[in-house]
Amino acid sequence: MPSREMSVLRRRPLVRLLKTQFSCALSRSYHSYDHRPYNPYTLSQEKILSSALQYVQEFGFVKQSLVQGCRDAGYLDTTHAVFQDGLFDLVKFHLYRERTKLAALKPQIDEEEGKSIGKRVRRYCIERLKGNELIISKWTEAVAIMALPSNVPLALEELAKLSDEIWFLVDDKSADFDWYTKRASLAAVYSSTELYMTQDNSPSFEKTWEFLDRRLADVRNTGSTVSSLASWTTFTGFASINLLKSQLSRG
Amino acid sequence: MAFLLPLRPYQLLRRSHAAYRQFSNARYLSASALLRKANSEPKHEPATSRTTHFGFKDVPEDEKEELVRDVFSSVAKSYDVMNDVMSFGIHRLWKDHFVAKLDPGRRPGGEPLSILDVAGGTGDIAFRMLDWATEIHNDHQSSVLVVDINDDMLKEGHKRSLATRYADGSRIEFKVQNAEVLDAVPDNSQDLYTVAFGIRNFTNIPAALRAAHRVLKPGGVFACLEFSKVNVGIMDMIYQQYSFNVIPLMGQLVAADRDSYQYLVESIARFPSQKEFARMIQDAGFEVSGDGYEDLTFGVAAIHTGVKV
């Protein structure tokens, strides 16, 4: 059960601000971490999908993997028809499983990478990308499935959840609009690195980690550039308006 | 020619002494009901007090089966025309999608499938499934058993099968069966149970679901394609207007059988919503994935699937 302090981190910036400023005695339990972990898969679905994922290495994200998975789990060949989204259910399960594995790595990563946020974000990204290693040769098929218009919203939701998960595990304490920009930028970094990884043939994916480092550096530089640009624009804007006002008041 | 056709349902109802009693649930008063009220016929209490719905009328349970049979006897020959009228030909797309979703066919390293198609008299779904298995999976062994309560519909289906490559009857079989009992189908024998546009006509849907559960093998799939509730408000309004005003009229013009079409649109309105039906499927012992259903054309039709565990 996460501590009260940890639980504050998940909250949206405004609520967190209110909570910390007016620490109220009433406790609200409308955040996911205040409840038991929610598993959207039943036992039988998990059995079928996890055995199906083992066949993905051989067959790819095709019906045959799902059918083999059904067979191995003790069901019939026809059982695959019950999955409403078909192969996308298989992709979603893989994304869910890899994302939920990250929480268990927190103690180890905190110990190894210390307090540095940047290093820990990098580590979590690498660990999550390693989760794709076994099926990376077939991952482009999964991306194609996710790109289908009916699947895009749920696929983006999974990416958002992953980004949120990584920032949460890094103990992100932002209480303003940064909360959103951090997650958006990490989502972009992660998805581009994942795509890069599909065509990376270097030993132990060294080039992918280098690509990840470059993308994270970009975010840092862009971040500072954007904020300086924003400061410059606001200053220049107000200065110009005040200048105009003074000219007009001169008459 | 009209006098040669069997008695129309509303005529049967008027002549039956064990007649319906209440209209408290009826949103639409049929002509026969208005006449009855006007004439104030003496009410006769039916022999059994259990009633069920037949469209918007309430009828004794033991009569519904016969009434449904009569409706479909009168529409058997023009069933395709009726479907085209009711759905602008979209029913063909729905059925194609239904079969594509189920993807029947023997897989490499697997056994041939036993498919049971219930209330599939004219064989629409059966032929599609056999064609899919044969062409996509090169499966020449999977077979379909088509059952229906109505012999006329089955005869029509058998006639159509003679024009296909399944004419020898080795892969398709037609039998008269009551879906709530399925006495000729052994337990745990079917890989796939399909019912397309038939389940709303059953007298006792939970009993039919239990029978489906009995005949399926563990891991077997129950799949139902049926008209359902439109989920978008405006579309629903348009759809209701079309259903109750246009369809019976088209039935009269195209097939000279207004009452059967009236019954059909009323039976659609009476059928439970997607979520309720998914609940009923789970209560019968099936496990569903996600919501348990997929809407087609904004919910005009829906495909419900469940697996026997």
Side-chain angles (χ1 to χ4, degrees), chain A residues 38-56 58-97 145-146 148-151 153-155 157-158, chain B residues 97-116 129 132-133 136-137 139 141-142 144 188-194 216-225 274 278 281-282 285-296 302-309:
Chain A
Y38 166 64
N39 186 350
Y41 296 99
T42 64
L43 220 59
S44 38
Q45 285 169 1
E46 231 173 300
K47 236 170 51 173
I48 294 176
L49 291 170
S50 42
S51 20
L53 279 175
Q54 286 166 349
Y55 287 97
V56 167
E58 191 185 336
F59 298 121
F61 283 94
V62 290
K63 262 300 166 54
Q64 187 60 23
S65 311
L66 207 47
V67 167
Q68 288 285 150
C70 291
R71 254 186 229 164
D72 281 6
Y75 292 88
L76 300 176
D77 290 356
T78 40
T79 313
H80 73 273
V82 87
F83 289 105
Q84 292 299 333
D85 293 325
L87 288 169
F88 185 52
D89 269 326
L90 190 55
V91 176
K92 263 195 298 184
F93 180 73
H94 171 75
L95 295 174
Y96 168 81
R97 201 169 68 162
I145 293 168
M146 288 194 281
L148 290 173
S150 48
N151 297 335
L154 284 169
E157 196 186 311
E158 280 293 329
Chain B
H97 179 74
F98 183 59
V99 172
K101 184 181 174 131
L102 295 176
D103 198 10
R106 182 189 175 183
R107 293 298 203 279
E111 298 295 314
L113 300 182
S114 296
I115 304 170
L116 178 65
M129 287 201 286
W132 183 276
I136 309 269
H137 295 290
D139 170 9
Q141 288 154 320
S142 294
V144 180
N188 301 321
S189 59
Q190 307 298 322
D191 291 283
L192 187 56
Y193 176 111
T194 59
L216 277 171
K217 292 178 190 169
V221 169
F222 167 87
C224 168
L225 170 65
Q274 284 92 321
I281 289 172
Q282 284 176 295
F286 294 101
E287 196 179 291
V288 300
S289 163
D291 292 327
Y293 65 88
E294 180 190 346
D295 277 334
L296 302 173
I303 300 176
H304 285 80
T305 44
V307 61
K308 170 173 174 174
V309 281

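In what follows, chains carry the letters A, B, and so on, assigned in the order in which the sequence lines appear, proteins first and then strands, with residues in each chain numbered from 1. Please read these numbers as outputs of a predicted model, since none were measured by experiment.
- Note: Thr78(A) leads Asp85(A), Thr42(A), Thr78(A) in heavy-atom pairs under 4.5 Å with chain B.
- When heavy atoms are compared at a cutoff of 4.5 Å, Pro104(B) does not approach chain A at all.
- Other residues, nucleotides and ligands contribute only 12 or fewer heavy atoms inside 6.0 Å of the CD atom of Glu111(B).
- Options Gly219(B), Gly290(B), Ala223(B) differ in how many heavy-atom pairs under 4.5 Å they form with chain A, and the most are formed by Gly219(B).
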Open item on the list: For a side chain to side chain contact (heavy atoms under 4.5 Å, CB included) check, start with the C-alpha distance between Asn188(B) and Lys308(B), then their side-chain angles and the critical distance, and finish with the verdict.
Closed with: CA-CA 10 Å; Asn188(B) 301 321; Lys308(B) 170 173 174 174; 2.8 Å; yes
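- Interface remark: Phe286(B) contributes no atoms to any contact with chain A (heavy atom separation under 4.5 Å).
- The heavy-atom pair separating Gly105(B) from His137(B) by the smallest distance is CA-CD2, 3.8 Å.
- Of all heavy-atom pairs spanning Phe59(A) and Val62(A), the tightest one is O-CG2, 3.5 Å.
- Only the side chain of Val67(A) comes within contact range of chain B, judged by heavy atoms closer than 4.5 Å.
- The part of Val309(B) that comes within reach of chain A is its side chain, from C-beta onward, which places non-hydrogen atoms under 4.5 angstrom from that chain.
- Note that OG1 of Thr305(B) and NE2 of His80(A) are 10.5 Å apart. Values are rounded to the nearest 0.5 Å.
- Ring orientation note: the planes of Phe93(A) and Tyr41(A) are nearly perpendicular, at an angle over 60° on the 30°/60° scale.
- With a 4.5 Å cut-off on non-hydrogen atoms, Asp89(A) touches chain B through its side chain but not through its backbone.
- Only the side chain of Leu113(B) comes within contact range of chain A, with at least one heavy atom under 4.5 Å from a heavy atom of that chain.
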